[in-house]
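One structure is given below, encoded as structure tokens.
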Amino acid sequence: MRTATLGPAERAAALAAMAERELDVLVVGGGVVGAGTALDAVTRGLSTGIVEARDWASGTSSRSSKLIHGGLRYLEMLDFALVREALKERGLLLERLAPHLVKPVPFLYPLQHQGWERLYAGSGVALYDAMSVSSGHGRGLPVHRHLSRKGALRVAPCLRRDALTGALQYYDAQMDDARFVLTLVRTAASYGALAAARARVTGFLREGERVVGARVQDVEAGGEYVIRAKQIVNATGVWTDDTQALIGERGQFHVRASKGIHLVVPKDRIHSTTGLILRTEKSVLFVIPWGRHWIIGTTDTDWDLDKAHPAASSADIDYLLEHVNTVLATPLSRDDVQGVYAGLRPLLAGESDATSKLSREHTVAHPVPGLVVVAGGKYTTYRVMAKDAVDEAVHGLDQRVAPCVTEDTPLLGAEGYRALWNARARIAARTGLHVVRVEHLLNRYGSLAEEVLALVAEDPSLGEPLAAADDYLRAEVVYAASHEGARHLDDVLTRRTRVSIETFDRGTRSAREAAGLMAPVLGWDEGRIEREVEHYEKRVEAERESQRQPDDLTADAARLGAPDIVPI
């Protein structure tokens with residue numbers, strides 16, 4: 001297996017290769033399910049292509065709560081099968097598939113009533129742990145524990161004394177969702193999948209009733225490619241209905257969008273050594289450790305406006321602050337919010353009660369010969385969704401196909417990660433970087449961190465942090481453009497790194513430095529650098545303006561004030 005690079009030359013070569021011969025499987029959609037489907041298909045020996053209209057993970061898959069979890073609240077709904085499946089996947093990711101990207105995270109659940117609540121909630125968490133262990137992949141996480149009020153305030157001094165009578169602490173896991181998807185795509189490419197972002201499907205090819213390919217527009221360089229495939233998998237999430245409409249067929253189910261927003265605040269604003277999970281009148285609210293920050297979320301509201309850039313309104317932000325402040329001794333204000341992001345969950349909405357109940361599960365359909373649709377589900381169970389989609393596609397292939405092997409296929413960077421982690425002090429001494437920097441790289445790239453360190457060895461200035469975002473090294477910006485498929489400044493500041501939500505300036509102070517680092521890799525001149533910086537600044541200002549608006553309609557209008565594509 002080779003390490004795949006998603007640079008400009010590789011993208012152009014992938015598009016040309018997809019158009020040269022008929023593929024076994026073409027995946028449409030570069031979110032976590034699409035990327036997982038491409039990996040599943042190619043590791044079964046199928047010739048595979050994947051195209052994404054924008055950047056990898058630019059939709060839902062970069063705007064989640066960043067959790068890999070079993071879904072503790074689904075136990076309360078008695079959805080044991082969904083929880084058991086998700087807990088197995090959580091364990092696989094932690095132990096085998098992506099230990100460099102998926103990490104344990106503790107959560108404290110404050111109890112507000114004496115006696116019965118501890119028994120009720122404690123039974124649920126105990127069952128959660130038991131189901132995790134019984135899956136065969138849950139022994140790596142600590143088991144839950146009961147805490148008195150004094151014990152809870154010791155681990156979470158931020159809480160008001162009158163907000164709890166005691167607490168439960170349990171463990172789940174988290175990851176950087178956009179980086180996880182990118183790693184999936186690169187892993188698929190390393191096994192031979194052809195991958196191209198900024199490649200939009202504009203129509204499907206038909207021969208009689210059968211779908212036999214797609215017309216794909218190169219959004220970057222212009223031109224159109226005709227890509228033929230024996231089976232096409234539609235994995236476009238909240239765009240599922242739009243993609244289905246391209247074949248002129250009514251879908252067997254519909255996908256509706258539910259908006260969830262998150263706030264990012266500095267670590268010092270909430271004094272706690274553990275994350276928090278709080279009940280609200282509708283659902284649950286998470287306060288999630290995130291490096292030198294906390295992520296607070298999420299909301300759950302219907303959204304039928306622009307899908308590409310869902311907007312967080314002032315009312316959304318106030319809702320989260322109001323609910324989290326009910327338990328905090330020192331309340332948060334708008335001034336504490338560093339970043340805000342909004343994402344859309346793809347929820348199944350069938351035409352009958354029987355299908356609408358699938359809202360947090362997933363479904364796979366074969367609406368016409370040659371086209372498979374997969375939708376719904378949870379981030380954590382992406383691998384199961386991908387397996388089911390490829391299993392369905394295989395039914396339409398006139399050949400014997402091997403079974404799914406992704407349960408035993410580590411993602412790029414996983415092999416050797418633990419050995420390098422043990423040697424991190426030695427790596428720091430060798431490279432001249434602080435050991436904390438080495439740990440940061442290992443937890444973002446795994447064993448591929450050596451490729452980033454090679455850039456620093458060639459040019460020591462790349463070992464310096466970004467001036468206005470010192471969590472990230474300059475080398476990471478160069479690597480994003482050369483190896484990770486970043487085509488625009490927004491790709492780097494929003495998804496390859498998280499500068500856009502982790503700094504109070506939303507990345508505007510880092511924009512020019514980052515663009516200058518990307519320029520030699522992507523062949524940008526001074527004019528192009530200026531356009532990239534200007535586009536990014538307009539995007540940030542449109543987001544800020546949308547967050548000052550009172551409701552979804554006005555927030556959406558404000559967010560659409562920035563152009564979607566950088567003028568070339």
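Just so it is clear, the structure is predicted and the values come from calculations on it, not from any experiment. Position 1 is the first residue of the sequence; numbering continues from there.
- One distance of note links CD1 of Ile295 with CZ of Phe286; it measures 12.0 Å at 0.5 Å rounding.
- Looking only at side-chain heavy atoms (C-beta outward), His100 and Arg179 stay at 4.5 Å or farther from each other.
- Within 6.0 Å of CZ in Arg161 there are 12 or fewer heavy atoms belonging to other residues, nucleotides or ligands.
- A donor-acceptor pair is defined here as one N or O able to donate and one able to accept, closer than 3.5 Å; such a pair exists between the side chain of His535 and the backbone of Pro563.
- A side-chain N or O of Gln549 and one of Glu545 form a donor-acceptor pair less than 3.5 Å apart.
- Distance check, rounded to the nearest 0.5 Å: CG of Leu493 to CE of Met518 gives 8.0 Å.
- In plain terms, the two heavy atoms of Ile270 and Val287 that are nearest each other are CD1-CG1, 3.9 Å.
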May I have the step-by-step check of salt bridge (charged side-chain N to carboxylate O under 4.0 Å, His left out) for Arg496 and Asp55, ending in yes or no?
CA-CA 10 Å; Arg496 303 307 183 279; Asp55 184 27; 2.7 Å; yes
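- Using a 4.0 Å cut-off between charged nitrogen and carboxylate oxygen, Asp268 and Arg292 do not count as a salt-bridge pair.
- Thr274 places a side-chain N or O within donor-acceptor distance of the main-chain N or O of Pro106, the cut-off being under 3.5 Å.
- Interatomic distance, Asp304 CG to Ser258 OG, rounded to the nearest 0.5 Å: 12.0 Å.
- Between the side chain of Tyr170 and the backbone N or O of Leu72 there is no donor-acceptor pair closer than 3.5 Å.
- Of the N and O atoms on the side chains of Glu476 and Thr497, not one donor lies less than 3.5 Å from an acceptor on the other residue.
- Counting only heavy atoms from C-beta outward, the side chains of Val373 and Gln244 approach each other to under 4.5 Å.
- With contacts defined as side-chain heavy-atom distances shorter than 4.5 Å, the pair Asp306/Arg559 does not qualify.
- Here CZ of Phe107 is found 14.0 Å from CG of Leu168. Values are rounded to the nearest 0.5 Å.
- Using modelled atom types, no side-chain atom of Asp556 and backbone atom of Asp552 make a donor-acceptor pair closer than 3.5 Å.
- Under the side-chain contact (heavy atoms from CB on, under 4.5 Å) test applied with Pro310, the options Leu344, Val238, Ile261 reduce to a single match, Leu344.
- Side-chain atoms of Asp316 and Thr299 include no donor-acceptor pair closer than 3.5 Å.
- Side-chain contact between Arg186 and Trp56 is absent, with no heavy atoms from C-beta onward closer than 4.5 Å.
- Asn234 has its side chain out of reach of Trp239: every pair of non-hydrogen atoms, C-beta onward, lies at least 4.5 Å apart.
- Arg198 pairs with exactly one of Gln217, His488, Glu52 by the side-chain contact (heavy atoms from CB on, under 4.5 Å) rule, that one being His488.
- With a 4.5 Å cut-off on side-chain heavy atoms, Ile288 and Ser65 count as touching.
- One side chain, Glu502 or Trp290, offers a donor N or O that lies under 3.5 Å from an acceptor on the other.
- Atoms CD and CG, from Glu224 and Asp218 in turn, are 10.5 Å apart once rounded to the nearest 0.5 Å.
- Of the possible donor and acceptor atoms, none in the side chain of Ser64 sits under 3.5 Å from a partner among the backbone N and O of Ser61.
- Listed here is the closest heavy atom pair of Val499 and Thr503: O-OG1, 3.0 Å.
- For the pair Arg334 and Gln547, the tightest heavy-atom approach, listed with the atom from each and the gap, is NH1-O, 3.8 Å.
- Checked by atom type, the side-chain pair Thr236/Thr243 shows a donor-acceptor distance below 3.5 Å.
- Between Leu411 and Ala98 the shortest heavy-atom distance is CD1-CB, 4.2 Å.
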As a quick check of understanding, evaluate side-chain contact (heavy atoms from CB on, under 4.5 Å) for Leu305 and Leu560, giving each step before the final call.
CA-CA 11 Å; Leu305 302 168; Leu560 292 176; over 6 Å; no
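- For the side-chain contact (heavy atoms from CB on, under 4.5 Å) test with Arg200, the passing option among Val216, Val51, Val219 is Val219; the others fail.
- Partners of Asp242 under the salt bridge (charged side-chain N to carboxylate O under 4.0 Å, His left out) rule, at least two apart in sequence or in another chain, are Lys307.
- Applying the ring-ring contact (aromatic ring centres under 6.0 Å, His included) rule to His293 yields no partners; only residues at least two apart in sequence or on another chain are considered.
- The one candidate from Glu543, Glu537, Glu541 that meets the salt bridge (charged side-chain N to carboxylate O under 4.0 Å, His left out) condition with Arg539 is Glu543.
- One finds no salt bridge joining Asp491 and Arg54 here, because no Lys/Arg side-chain nitrogen approaches an Asp/Glu carboxylate oxygen to under 4.0 Å.
- With a 4.5 Å cut-off on side-chain heavy atoms, Val181 and Tyr382 do not count as touching.
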Step by step, would you call Lys267 with Trp294 a side-chain contact (heavy atoms from CB on, under 4.5 Å)?
CA-CA 6 Å; Lys267 195 78 168 182; Trp294 297 97; 3.8 Å; yes
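- Using bins of under 30°, 30° to 60° and over 60° for the plane-to-plane angle, the ring pair His262/Tyr341 lands in the parallel bin.
- Between the side chain of Asn325 and the main chain of Glu322, no donor-acceptor pair closer than 3.5 Å is present.
- More than 12 non-hydrogen atoms from other residues, nucleotides or ligands lie less than 6.0 angstrom from CZ of Arg160.
- A distance of 9.0 Å separates OG1 of Thr298 from CG of Leu263, quoted to the nearest 0.5 Å.
- Remark: side-chain polar atoms of Thr273 are paired, donor with acceptor, to backbone N or O of Val155 under 3.5 angstrom.
- Under the 4.5 Å side-chain criterion, counting only non-hydrogen atoms from C-beta, Leu159 is in contact with Leu276.
- Closest non-hydrogen pair, Ala468 versus Asp505, comes out as O-OD2, 4.4 Å.
- Ion pair Arg498/Asp471 not flagged as a salt bridge, since none of the NZ, NE, NH1 or NH2 atoms sits closer than 4.0 Å to an Asp/Glu carboxylate oxygen.
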Arg509 vs Phe504, side-chain contact (heavy atoms from CB on, under 4.5 Å): CA-CA, chis, key distance, verdict:
CA-CA 10 Å; Arg509 290 172 56 217; Phe504 279 107; over 6 Å; no
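- For the pair Lys259 and Tyr319, the cation does not sit on the ring face, since its NZ or CZ is not both under 6.0 Å from the ring centre and inside 45° of the axis.
- Taking the charged nitrogens against the carboxylate oxygens, Arg63 and Asp177 have no contact shorter than 4.0 Å, which rules out a salt bridge.
- Across Ala342 and Ala312, no two heavy atoms sit closer than the pair CB-N, 4.1 Å.
- We find that Glu526 and Arg531 are not joined by a salt bridge, their nearest charged nitrogen and carboxylate oxygen being 4.0 Å or further apart.
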Determine, step by step, whether Arg544 and Val340 satisfy the side-chain contact (heavy atoms from CB on, under 4.5 Å) criterion, reporting the C-alpha distance in whole Å, the side-chain angles of both residues, the deciding distance to 0.1 Å, and the verdict.
CA-CA 9 Å; Arg544 286 189 185 279; Val340 181; over 6 Å; no
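- Using modelled atom types, no side-chain atom of Glu117 and backbone atom of Leu111 make a donor-acceptor pair closer than 3.5 Å.
- In this structure, Arg506 fails the cation-pi test against Tyr536, since its NZ or CZ atom is not both closer than 6.0 Å to the six-membered ring centre and inside 45 degrees of the ring normal.
- The backbone N or O of Gly343 sits nowhere less than 3.5 Å from a side-chain atom of Thr60 that would complete a donor-acceptor pair.
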